[in-house]
Every structure is written in structure tokens, then in C-alpha cells.
Amino acid sequence: EDQVTQSPEALRLQEGESSSLNCSYTVSGLRGLFWYRQDPGKGPEFLFTLYSAGEEKEKERLKATLTKKESFLHITAPKPEDSATYLCAPRDAGGFKTIFGAGTRLFVKA
Amino acid sequence: NAGVTQTPKFRVLKTGQSMTLLCAQDMNHEYMYWYRQDPGMGLRLIHYSVGEGTTAKGEVPDGYNVSRLKKQNFLLGLESAAPSQTSVYFCASSGRGTGELFFGEGSRLTVL
């Protein structure tokens, strides 16, 4: 059975304090792993797609990496506006279904 | 360019009532999806469609029906609402083969 586990559930950082979010997955025939950002009361917003182990993508203070079993979202020198829930979502072999983790709620204090 | 639009945004139902959630997208996407989001459980796929006139079951389809009569619209129906269907519902769409999902703002449904 396909599974996605994100940790930690919540993370509180001071502004400028770098950290990483973890996503562990078990998906048959992975066809892309996606990261989304979700603000309260809003729908998720696409951040990155990773397709193969060793791949990295960057956007401003965020960098996503992928191994065969895990993905990490590294946050460098975060700002309060980075506060949100970050969702990890691998896509299955069929290519139609994207499976979402429960998310990591990030709080960045000024 | 509105992207993905969901209506209504909020609804309160009594147990046993029926309702339909409407999703409309203006990006000419082939694929459309309905998810529900509950605290601590993440987004779970209810039904999806890979093209006009086609639908398929996702992870939690029981108690829901869908229809995709037009490419731009995807309807989610609850025939007899139950308290367990209290949730936030998200519609999403994606282009063929891209995988990137574009989400609506969500529809918050409460069943009393």
C-alpha cells in the first residue's frame, strides 16, 4: 500500500534559523514527487517536482532533494512569511493519483 | 484567468440532505480531481477524471458521486449527507502528463 509520512508534524523556528522537513514515502513506480505550500484557508500551491534520486530544486529560501525513499525540504534563513503547511505528494505509477502526506506546519517567529 | 473555482465555499447540511459541489477550471486541463482534507489526515482522493465523460474512484469514494459532462467542469455530489462527510473539499486540475496540481480555494461542508 502506498504511504507517505511527513515529520515533524509542527516546527517552530526563529527567523534566520535554518532547518529541514522530512518526507518518507512508499510508492510503487514513483512518477514524480511534488511539494506544495498551503496557507490557512487556502488551497495548496505548487512548489517543486522531483523525478529521480539525487535531483535537487531550489526556490528562494527553499531547496528540495530526493532519495529513493525520502525527500527533504530545506529552509535556509526562514522569514515569517514562510510560515505555512508544507505538503509532500508522490505520484503513483499510473500517473493519475497523487498521494498527500499530512503535512508539516511551519511557524517562523520574527 | 480565474484558474480553479469552487462553489459554494461554505455549506451547512442536515443529515440525509443532498447537495452538489461545482468545480470549474479555465486552463483547458484534461485531468480533474476531488479531494477532502481532514485535520491530521492530509488530502485524500475521492474521485478523479482523466477526460470529459470519464470518472474513476479514488481512495475514499463511498457516499460520493461525480460527473464530468463538460471538460471544464467536475461535479461532486452527496446523495445523503452524513456527519462523517464534514470536511473541507478541494478540487484540483492538471494538464496531461504534467502532474502539477492546481487547486481551488476549497469548500467547507458541515453536516449536522
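Lettering of chains follows the sequences in order, A, B, ..., and the numbering in each one begins at 1.
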Problem set entry | A:Arg61, CZ atom: more than 12 neighbouring heavy atoms under 6.0 Å | yes
For this session: Sort B:Leu45 into side chain, backbone, both or neither according to what part of it lies under 4.5 angstrom from a heavy atom of chain A.
Result: side chain
Seminar exercise, completed: Among residues 13-22 of chain A, residues within the sub-4.5 Å heavy-atom range of chain B, in order of number, are none
Exercise. Same hydrophobic cluster for A:Leu62 and A:Phe72, using side-chain heavy-atom links shorter than 4.5 Å among ILVMFWY?
Worked result: no
Exercise. For A:Gln38, is it the side chain, the backbone, both, or neither that has a heavy atom closer than 4.5 Å to a heavy atom of chain B?
Worked result: side chain
Exercise. If you count heavy-atom pairs under 4.5 Å with chain B, which of A:Gly43, A:Pro44, A:Gly32 comes out on top?
Worked result: A:Pro44
For this session: Check whether more than 12 heavy atoms from other residues, nucleotides or ligands sit under 6.0 Å from atom CZ of B:Arg44, and answer yes or no.
Result: yes
For this session: Let me know if A:Thr49 has heavy atoms under 4.5 Å from chain B in its side chain, its backbone, both or neither.
Result: neither
Seminar exercise, completed: Correct closest heavy-atom pair for B:Gly40 and A:Ala102 would be O-CB, 3.7 Å
Exercise. So do the side chains of B:Tyr48 and A:Thr98 get within less than 4.5 Å of each other, counting heavy atoms only?
Worked result: no
Exercise. Between A:Ile99 and A:Leu66, is there a shared hydrophobic cluster once you connect ILVMFWY residues whose side-chain heavy atoms come closer than 4.5 Å?
Worked result: yes
Under 3.5 Å, sequence neighbours excluded: what are the donor-acceptor pairs made by side chains of residues 100-112 of chain B?
unit_1: B:Glu105; atom_1: OE1; unit_2: A:Lys42; atom_2: NZ; d: 3.2
unit_1: B:Ser107; atom_1: OG; unit_2: B:Gln6; atom_2: NE2; d: 3.1
unit_1: B:Ser107; atom_1: OG; unit_2: B:Pro8; atom_2: O; d: 2.7

Problem set entry | In one Ile/Leu/Val/Met/Phe/Trp/Tyr side-chain cluster, 4.5 Å: B:Val4, B:Tyr89 | no
Problem set entry | Segment of A:Tyr51 engaging chain B (4.5 angstrom heavy-atom cut-off) | side chain
For this session: Determine whether A:Phe100 and B:Val60 fall in the same hydrophobic cluster, where Ile, Leu, Val, Met, Phe, Trp and Tyr are linked whenever their side-chain heavy atoms lie under 4.5 Å apart.
Result: no
For this session: May I ask whether A:Leu50 and A:Leu73 are part of the same hydrophobic cluster, defined by side-chain heavy atoms of I, L, V, M, F, W, Y residues being less than 4.5 angstrom apart, directly or through others?
Result: yes
Seminar exercise, completed: Here the gap from B:Ser94 atom OG to A:Phe46 atom CZ, rounded to the nearest 0.5 Å, amounts to 11.5 Å
Exercise. Quick check: are there more than 12 heavy atoms from other residues, nucleotides or ligands sitting under 6.0 Å from CD of B:Gln17?
Worked result: yes
